[in-house]
Each structure stands twice: as structure tokens, then as C-alpha cells.
Amino acid sequence: MHSYYGNIHALRGVSLTVEEGEVVTLIGSNGAGKTTTLRSINGVLPPRQGKIIFDGEEIQEVPAHGMIKKGIAQSPEGRKIFSRMTVRENLEMGAYHRNDRDGIRRDMDRVFELFPRLQERIKQEAGTMSGGEQQMLAIGRALMSSPKLLLLDEPSMGLAPVLVERIFDIIEEINKQGTTILLVEQNANVALEIATRGYVLESGSIVNSAPAEKLRQDPKVREAYLGEM
Ligand code: ATP
């Protein structure tokens with residue numbers, strides 16, 4: 001697909017696949033186009049050229065608000081939770097389009113099992129929580145739509161290393177429970193640890209793609225993204 005901001009050609013023929021059950025990661029440096037790729041998939045910045053096929057159906061013209069019904073949810077970069085609402089209200093917002101009460105309750109229980117901290121803070125105003133807690137809430141809110149595909153934008157951003165490990169353990173668990181994941185990360189180290197496959201994005205184009213293990217051993221990837229010389 002090709003995507004533009006005005007006449008800036010941000011994605012220059014990005015092509016990628018995510019199979020059911022996988023964790024696929026998209027790594028790349030600042031400005032490579034990682035967030036733009038997620039925006040193009042989730043309908044916020046529809047590609048000007050190209051197709052997005054989900055579950056056998058073309059969805060590149062589905063508007064952003066329609067994606068959740070299709071089964072695609074995103075936990076946004078920068079933890080864009082509703083800061084004046086409580087934890088519970090934020091989670092409820094993630095399920096606003098649903099009316100299967102039992103299912104919603106089950107999903108809320110699942111979120112609390114994954115993130116016990118959120119249950120402890122259920123009545124707290126979201127904006128007053130720590131960065132890590134807000135990240136958990138952003139992921140939890142996305143899970144409340146019971147998505148088939150979860151898009152994660154930089155879940156490690158701004159978190160202390162211990163917390164990054166924890167969040168990634170939980171992302172792995174979410175995947176094991178049956179949710180397919182497309183993970184955008186600047187922290188290639190942790191992303192490639194949990195991913196099945198990875199793509200490397202540079203200046204709006206995919207320059208490499210391979211099983212995660214292979215990317216971890218690739219000298220170029222090690223030098224550019226894993227902080228090794
Ligand atoms: P980062 O890790 O820094 O967020 P990224 O890989 O997610 O980087 P994008 O945010 O997708 O990168 O940006 C890709 C390119 O598109 C960059 O050159 C960026 O300056 C440009 N871009 C992003 N958002 C806009 C916008 N709203 N208007 C114009 N250009 C934009």
C-alpha cells in the first residue's frame with residue numbers, strides 16, 4: 001500500500017501479511033512509518049493506493065470506527081486513554097458497540113486476570129495512574145472489543161525495563177489465548193523475543209522480513225536495531 005500525508009509519500013509500497021495466531025512485529029527507527037502503517041490498516045489514514053484484506057474481505061475503505069466491528073482493535077501509542085474517566089469506564093468504552101452483557105463481563109474478567117493492577121484501581125481516574133498502568137489500561141480497553149487482530153503501537157514506550165518485560169509477557173499471554181497481534185516497536189530486542197516473524201521498515205518501505213529468530217541473528221539488524229556494533 002501507498003499512504004500519504006498531503007503530498008508527503010509516507011508509505012512507499014508497504015506489503016505485509018499477518019496469519020491467524022501469529023505475533024508479527026514491525027521494527028524500524030523514528031519516522032520509518034511504523035505508526036503510519038497501523039493508521040493505514042485501521043482506517044485512520046486509508047492508503048491512497050493498495051488493498052487491505054482481512055478475513056478474506058477488502059477493508060481499505062472501512063472507516064476507523066467500523067474496524068472494531070470487523071474485529072480489529074488498536075492500543076494506541078502514547079496511551080491515549082480517557083484520562084478523566086475511571087478505569088472501569090475506560091474498559092466499558094472499549095466494548096461500547098457490544099450488547100452481549102455476559103461476553104462483556106467475561107472479557108472484563110479476562111482483562112483483570114491479565115492485569116490485576118487494573119482491578120485494584122478500578123475506580124481510579126485513569127489520568128492519575130502511572131505510565132505503566134495507563135499502558136495496561138490502553139491494552140485492556142482494546143481487548144474489551146474481543147478483537148481477532150490486536151494492533152499494538154509501541155507498548156514499551158516510556159516504561160522502565162522491568163515493566164517492559166512484564167507487559168511483553170502479558171502480550172505473549174494474550175496471543176496464546178487466541179488473539180493475533182501486529183506489534184509496532186522501536187525496542188526491537190523485546191519485540192523479536194515474542195514475535196513469530198518480523199518486518200523491518202525504513203523510510204516507508206519494507207527492507208527485510210524473516211522469522212523473528214533469523215532477524216535477531218542478522219548482522220545488519222543487530223547493528224541498526226539491537227544496539228550492537
Ligand atoms: P516513531 O517511532 O518516531 O513514531 P514511525 O516509524 O512510527 O516513527 P511515522 O509516525 O509513521 O513513523 O511517520 C512516518 C513519516 O510520516 C515521518 O516522516 C513523519 O514525519 C511523517 N508523518 C507522520 N505523521 C504525519 C502527519 N500528521 N503529517 C505529515 N507527516 C507526517
Side-chain angles (χ1 to χ4, degrees), residues 1-19 22-55 57-83 131 134-135 138-139 141-142 145 147 149-159 171 180-192 195 197-210 212 215 218 220-227:
M1 59 191 169
H2 291 262
S3 297
Y4 296 76
Y5 293 103
N7 49 24
I8 298 169
H9 195 174
L11 297 189
R12 301 160 175 267
V14 168
S15 178
L16 57 89
T17 57
V18 182
E19 301 291 341
E22 281 190 309
V23 178
V24 171
T25 186
L26 191 57
I27 60 179
S29 47
N30 281 314
K34 303 182 298 297
T35 299
T36 304
T37 302
L38 293 188
R39 283 191 180 143
S40 295
I41 295 170
N42 71 17
V44 172
L45 184 78
R48 210 174 277 179
Q49 208 185 313
K51 283 181 191 169
I52 300 167
I53 298 169
F54 181 68
D55 257 358
E57 187 188 349
E58 285 191 22
I59 58 160
Q60 66 274 7
E61 281 168 21
V62 174
H65 64 263
M67 288 299 178
I68 235 157
K69 280 195 181 151
K70 295 275 173 208
I72 300 178
Q74 179 165 349
S75 176
E77 182 187 29
R79 316 172 191 127
K80 292 191 191 82
I81 41 133
F82 302 110
S83 56
Q134 292 189 29
Q135 184 62 259
I139 298 173
R141 191 182 62 189
S145 67
L149 174 65
L150 178 63
L151 306 175
L152 293 173
D153 197 350
E154 304 261 3
S156 78
M157 196 164 67
L159 302 186
I171 293 171
T180 304
I181 293 173
L182 177 57
L183 167 68
V184 155
E185 256 301 336
Q186 249 190 78
N187 188 338
N189 257 319
V190 284
L192 290 172
R197 291 186 300 117
Y199 290 87
V200 181
L201 197 59
E202 262 174 34
S203 310
S205 301
I206 304 274
V207 294
N208 197 351
S209 78
L215 283 181
D218 184 306
K220 259 178 152 172
V221 172
R222 293 176 80 97
E223 188 184 339
Y225 304 104
L226 301 179

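In what follows, residues are counted from 1 in the order of the sequence shown. All values reported here derive from a predicted model rather than from experimental measurement.
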Value rounded to 0.5 Å, distance of [atom1] in [X] from [atom2] in [Y]:
X: Ser75; Y: Asp153; atom1: OG; atom2: CG; result: 8.5 Å
X: Ile139; Y: Ile81; atom1: CD1; atom2: CD1; result: 12.5 Å
X: Ser203; Y: Arg12; atom1: OG; atom2: CZ; result: 7.5 Å
X: Leu192; Y: Thr25; atom1: CG; atom2: OG1; result: 6.0 Å
X: Leu182; Y: Tyr199; atom1: CG; atom2: OH; result: 9.5 Å
X: Gln74; Y: Arg141; atom1: CD; atom2: CZ; result: 10.5 Å

Just wondering, do [Y] and [X] contact through their side chains at under 4.5 Å, heavy atoms?
X: Pro155; Y: Leu183; answer: yes
X: Ile53; Y: Ile59; answer: no
X: Leu152; Y: Val184; answer: no
X: Val200; Y: Ser209; answer: no
X: Leu150; Y: Thr180; answer: no
X: Leu16; Y: Val24; answer: no
X: Met1; Y: Ser40; answer: yes

Between Ser29 and Gln186, is any side-chain donor less than 3.5 angstrom from a side-chain acceptor? no
With a 3.5 Å cut-off and no angle check, do the side chains of Thr36 and Ser3 form a donor-acceptor pair? no
Checking Tyr5 now: which residues fulfil ring pair (Phe, Tyr, Trp, His ring centres under 6.0 Å) with it, not counting sequence neighbours? none
Using the ring pair (Phe, Tyr, Trp, His ring centres under 6.0 Å) criterion, which residues pair with His2? Sequence neighbours excluded. His9
Heavy atoms of Ala32 and Leu201 approach each other most closely as CB-O, 3.4 Å
For Gln60 and Pro47, work out which heavy atoms get closest and say how close. CB-CG, 4.2 Å
Please, which pairs that meet salt bridge (charged side-chain N to carboxylate O under 4.0 Å, His left out) have at least one residue in [range], sequence neighbours excluded?
range: residues 22-46; answer: Glu22-Arg197
range: residues 60-71; answer: Glu57-Lys70
range: residues 44-54; answer: Lys51-Glu58

Contacts of type side-chain contact (heavy atoms from CB on, under 4.5 Å), residue [X], not counting sequence neighbours:
X: Val190; value: Val164, Glu165, Phe168, Asn187
X: Ala210; value: Lys214, Leu215
X: Glu202; value: Val207, Tyr225
X: Ala73; value: Ile68, Ala142, Ser145, Pro147

Pair Met67-Phe54, side-chain contact (heavy atoms from CB on, under 4.5 Å): steps then yes or no: CA-CA 10 Å; Met67 288 299 178; Phe54 181 68; over 6 Å; no
Listed partners of Asn7 passing side chain to side chain donor-acceptor pair (under 3.5 Å), at least two apart: none
Hits for side chain to side chain donor-acceptor pair (under 3.5 Å) against Thr37, two or more places apart or cross-chain, chain-then-number order -> none
Mind running side-chain contact (heavy atoms from CB on, under 4.5 Å) on Leu151 and Ile72 for me, showing each step along the way? CA-CA 7 Å; Leu151 306 175; Ile72 300 178; 3.8 Å; yes
